[in-house]
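Here is the structure we will look at.
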Amino acid sequence: MKTNKHIIYQTFPRLFGNYTDNPVKNGSIGENGCGKFNSYTTRALESIRELGITHIWYTGVIAHSTCTDYTAYGIPKDHRAIVKGKAGSPYAVKDYYDVDPDLAENIPNRMNEFRQLVRRTHDAGMKVIIDFVPNHVARSYHSLMKPAYIDDLGQHDRTDLAFSGTNNFYYIPGHRLELHFGAQEDGFEYSEFPAKVTGNDCFNATPGKNDWYETIKLNYGVDYSNGGTKHFSPIPGTWYKMLDILLFWTGHDIDGFRCDMAEMVPVEFWNWAIPRVKSRKKVTFVAEIYNPELYYTYIYTGKFDYLYDKVGMYDTLRRIIRREAPSSDITACWQAIEPVKDHMLFFIENHDEQRIASDFFAGSAQAGIPGLTFLALLGVNPVMIYNGQELGEKGMDDEGFSGLDGRTSIFDYWSMKSVRDWANGGRFDGGKLSGEQRRIRESYRKILTLTKNEKAFSLGHFYGLAYCNKDNPYFPSERMSAYLRKYENELIIVFINFDNREHHFRTIIPKNAFDVLNIPDNTASKAKELLSGEETICSLTRACPYQECMPAYSVKILKIRY
């Protein structure tokens with residue numbers, strides 16, 4: 001059984017260290033500012049680690065297309081028609097071998113500043129994850145920083161062929177790319193001939209606004225125009241190029257990769273590449289996967305360590321928190337992934353999703369505490385939080401390209417008020433946080449720390465109680481959940497109230513739970529509530545339900561020693 005529980009903190013450097021008080025809609029980097037690698041000071045990293053964090057996922061590290069002009073530093077300017085927002089999408093990579101110049105204090109020294117960040121993170125006792133974007137690149141892709149012995153992507157492509165096993169891209173021969181909504185740059189429209197296939201598998205020359213029009217799809221040897229036939233022998237050149245990129249970053253002391261849209265890349269590539277990377281260094285691979293039918297394949301054939309559990313656990317918890325589904329739905333959710341549960345990455349916020357506290361989700365940061373607790377303490381698999389989640393960030397800003405949608409924009413230069421207040425001018429003492437924000441952050445710290453410090457959570461057995469109480473009239477199964485975790489002589493009962501009101505309830509602990517977990521029947525023992533520290537005497541018996549009372553949006557974590 002795994003013993004090393006990963007607690008991942010996703011953070012977007014462009015936003016993290018930006019302390020601009022009043023950013024303007026559609027503002028430039030000069031108007032709105034930008035966070036830097038150096039913003040993650042030793043004190044900032046210590047403050048993050050205090051939450052119980054083991055890994056930091058630095059999002060948007062690799063150089064990507066942008067409207068900011070860096071031609072003075074030898075970096076070609078991007079046409080604004082193929083850039084989303086002023087800052088650009090971090091998933092439109094323009095040079096796999098470079099870091100984003102936005103994030104450097106001294107732009108010519110940008111790679112060294114990133115190396116120093118990696119070193120500081122390690123010194124703070126945490127590991128480093130960065131994005132690997134394998135399915136697509138920016139339309140302006142051209143590597144200036146690649147090693148001299150490596151050919152650039154597309155350098156030797158036959159552009160007169162829609163598909164070739166030796167091409168790095170897919171083409172639409174005889175057709176010019178048409179972006180009817182695209183802006184001009186100094187009077188010139190963006191020109192691309194022949195058109196390349198757009199990153200979200202848009203195989204025509206006129207991608208729309210809702211397509212990933214700023215990107216082009218990479219060719220791993222799959223001929224989609226002929227039924228998806230696979231041309232994997234000889235090994236496609238794209239495979240070798242992408243392996244070189246992974247090894248390049250592994251050589252920069254990276255500890256893991258979050259692989260964007262991994263399911264859009266053939267599983268055979270991952271089966272080939274991941275073991276080769278791990279033979280150099282033990283790194284963690286996390287896949288963004290949205291199709292549950294592919295979970296088993298990408299774990300056991302693709303060799304991934306962990307997969308997103310978005311359409312299962314995230315979507316279910318979102319519906320429960322929003323009172324669109326009963327809490328009893330969770331049981332079927334975790335049962336469905338039982339064979340691969342240890343490999344599933346749980347979260348209720350990330351850069352793609354709406355903030356819990358936003359008006360589009362729950363409208364309250366406290367409403368997310370039950371969901372966080374359920375995910376964090378359920379199993380030994382990793383859990384992730386998104387920068388600002390622990391502060392109740394609302395994401396209710398109209399930043400520009402992103403608009404007012406309950407998300408924190410990844411396309412605009414912007415600043416998060418909650419993070420500014422926590423950073424307090426770089427002191428990272430939370431000096432400007434409200435009392436409510438402090439309580440939310442402290443709840444996150446306690447819950448996440450428990451996942452590592454309590455052996456029942458990091459090593460113990462699990463026994464769900466929600467199913468056993470589905471027909472119990474004294475247990476509000478529509479709005480509550482409960483489960484047991486057991487390790488040696490320690491038993492922990494987790495009660496979770498998803499409701500916006502108080503509940504008095506009685507929980508049946510079935511005879512089977514006593515037998516399977518070897519729980520002494522009707523034995524008085526000292527019990528400690530792990531969040532409040534309150535101690536009582538408790539006795540569990542198969543003869544009578546356990547009685548409790550819980551406030552709205554609350555959790556109780558009761559530890560009993562025998």
Side-chain angles (χ1 to χ4, degrees), residues 1-7 50-54 327 330 334 341 346 369-383 439 441-466 468-469 475 480-498 503-551 553-562:
M1 183 180 290
K2 294 183 180 181
T3 60
N4 187 15
K5 176 92 170 183
H6 292 356
I7 310 296
E50 288 167 3
L51 289 169
I53 302 302
T54 62
S327 57
I330 299 179
W334 66 256
K341 189 175 73 173
F346 290 158
I369 296 295
L372 171 76
T373 304
F374 186 89
L375 296 181
L377 307 185
L378 181 66
V380 298
N381 55 309
V383 65
R439 286 190 293 273
R441 191 174 192 275
E442 180 62 8
S443 293
Y444 270 74
R445 186 194 68 79
K446 287 181 176 180
I447 292 163
L448 295 175
T449 300
L450 285 177
T451 67
K452 297 186 306 176
N453 293 350
E454 292 293 336
K455 291 184 178 179
F457 295 131
S458 61
L459 293 166
H461 298 284
F462 170 86
Y463 195 103
L465 295 176
C468 315
N469 285 273
F475 185 87
M480 285 200 61
S481 190
Y483 54 82
L484 304 174
R485 299 299 306 272
K486 177 76 165 23
Y487 181 77
E488 294 182 348
N489 66 334
E490 296 180 348
L491 175 72
I492 297 181
I493 314 175
V494 181
F495 296 108
I496 299 172
N497 182 8
F498 290 101
H503 280 289
H504 296 261
F505 57 93
R506 301 175 189 175
T507 307
I508 296 171
I509 302 177
K511 178 180 181 299
N512 181 256
F514 282 86
D515 295 338
V516 169
L517 299 181
N518 193 25
I519 303 171
D521 187 14
N522 202 23
T523 300
S525 304
K526 182 181 290 187
K528 182 177 182 179
E529 206 289 310
L530 295 178
L531 297 181
S532 67
E534 294 180 2
E535 294 188 350
T536 58
I537 299 298
C538 175
S539 179
L540 300 182
T541 175
R542 54 186 93 193
C544 299
Y546 180 83
Q547 298 187 50
E548 263 292 358
C549 175
M550 291 178 62
Y553 299 137
S554 68
V555 298
K556 282 195 175 181
I557 306 170
L558 199 64
K559 179 179 178 179
I560 304 169
R561 284 182 174 168
Y562 297 103

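What you see is a predicted model, and the numbers here were worked out from it, not measured in a lab. All values below come from the heavy atoms of this structure, side chains included, with hydrogens, waters and symmetry mates left out.
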Notebook entry, point to check: Under the 3.5 angstrom rule, does the side chain of D521 hit a backbone N or O of R542 as a donor-acceptor pair?
Noted result: yes
Notebook entry, point to check: Looking at I496, V494, I369, which one forms a side-chain contact (heavy atoms from CB on, under 4.5 Å) with F374?
Noted result: I496
Checklist line | Heavy-atom neighbours of K341 NZ exceed 12 at 6.0 Å | finding: yes
Check: Is T541 reaching over with its side chain to a backbone N or O of A543, donor-acceptor style, under 3.5 angstrom?
Finding: yes
Next item on the list: Identify the two heavy atoms, one from I519 and one from A513, that lie closest to each other, and give their separation to 0.1 Å.
Entry: CD1-O, 3.8 Å
Next item on the list: List the atom of A482, the atom of F495, and the distance in Å for their closest heavy-atom pair.
Entry: CB-CD2, 3.8 Å
Note to self: Can you tell me if E534 has over 12 outside heavy atoms packed within less than 6.0 Å of its CD?
What the structure shows: no
Check: Just by modelled atom types, is the S554 backbone N or O under 3.5 Å from a matching donor or acceptor in the N497 side chain?
Finding: no
Note to self: Do C468 and F475 have side chains that approach each other closer than 4.5 Å (heavy atoms only, starting at C-beta)?
What the structure shows: no
Next item on the list: State, yes or no, whether a side-chain contact exists between F505 and M480 at a heavy-atom distance under 4.5 Å.
Entry: yes
Margin query: Do I493 and T507 have side chains that approach each other closer than 4.5 Å (heavy atoms only, starting at C-beta)?
Written below: no
Next item on the list: Measure across G371 and F498 and return the closest heavy-atom pair with its distance rounded to 0.1 Å.
Entry: N-CE2, 3.8 Å
Margin query: Less than 4.5 Å apart, side chain to side chain, heavy atoms only: is that true for Y483 and I330?
Written below: no
Margin query: Assess whether a salt bridge exists between E442 and R445, defined as any Lys/Arg side-chain N lying under 4.0 Å from an Asp/Glu carboxylate O.
Written below: yes
Notebook entry, point to check: Can you check side chain to side chain contact (heavy atoms under 4.5 Å, CB included) on V383 and I7, steps first, answer last?
Noted result: CA-CA 5 Å; V383 65; I7 310 296; 3.4 Å; yes
Next item on the list: Hey, could you give me the OG1/CG distance between T451 and L372, rounded to the nearest 0.5 Å?
Entry: 9.0 Å
Notebook entry, point to check: Going by heavy atoms in the side chains, are I447 and L531 under 4.5 Å from each other?
Noted result: yes
Next item on the list: Supply the atom-to-atom distance H461 NE2 to L459 CG, rounded to the nearest 0.5 angstrom.
Entry: 9.5 Å
Checklist line | Which atom of L450 lies closest to which atom of F457, heavy atoms considered | finding: O-CD1, 3.5 Å
Margin query: Apply side chain to side chain contact (heavy atoms under 4.5 Å, CB included) to residues L491 and Y463 and explain how you reach the verdict.
Written below: CA-CA 11 Å; L491 175 72; Y463 195 103; over 6 Å; no
Notebook entry, point to check: Within a strict 4.5 Å, meaning less than it, do heavy atoms of the H503 and M550 side chains meet?
Noted result: no
Next item on the list: Mind listing the closest non-hydrogen atom pair of L465 and P510 along with its distance?
Entry: CD2-CD, 4.0 Å
Item checked: Contact check, side chains of H504 and C549, non-hydrogen atoms, under 4.5 Å -> yes
Notebook entry, point to check: Looking only at heavy atoms, which two atoms of P520 and N518 are closest? And how far apart?
Noted result: CD-O, 3.6 Å
Note to self: Working to the nearest 0.5 angstrom, can you tell me the gap between I492 CD1 and K455 NZ?
What the structure shows: 12.5 Å
Check: Does L530 offer a backbone N or O that forms a donor-acceptor pair with the side chain of K559 under 3.5 Å?
Finding: no
Notebook entry, point to check: How many angstroms lie between CZ in R441 and CD in E50, if you round to the nearest 0.5 Å?
Noted result: 6.5 Å
Next item on the list: Any chance you could measure R485, atom CZ, to E454, atom CD, to the nearest 0.5 Å?
Entry: 11.0 Å
Notebook entry, point to check: Do the non-hydrogen side-chain atoms of I560 and S525 ever get within less than 4.5 Å of each other?
Noted result: yes
Check: Do the side chain of K5 and the main chain of N381 share a donor and acceptor less than 3.5 angstrom apart?
Finding: yes
Note to self: Any side-chain to backbone donor/acceptor pair from E529 onto L558? Under 3.5 Å, distance only.
What the structure shows: no
Notebook entry, point to check: Under a 4.0 Å N-O cut-off, is there an ion pair linking K556 with E548?
Noted result: yes
Notebook entry, point to check: Taking atom CZ of R506 and atom OH of Y546, what is their separation to the nearest 0.5 Å?
Noted result: 13.5 Å
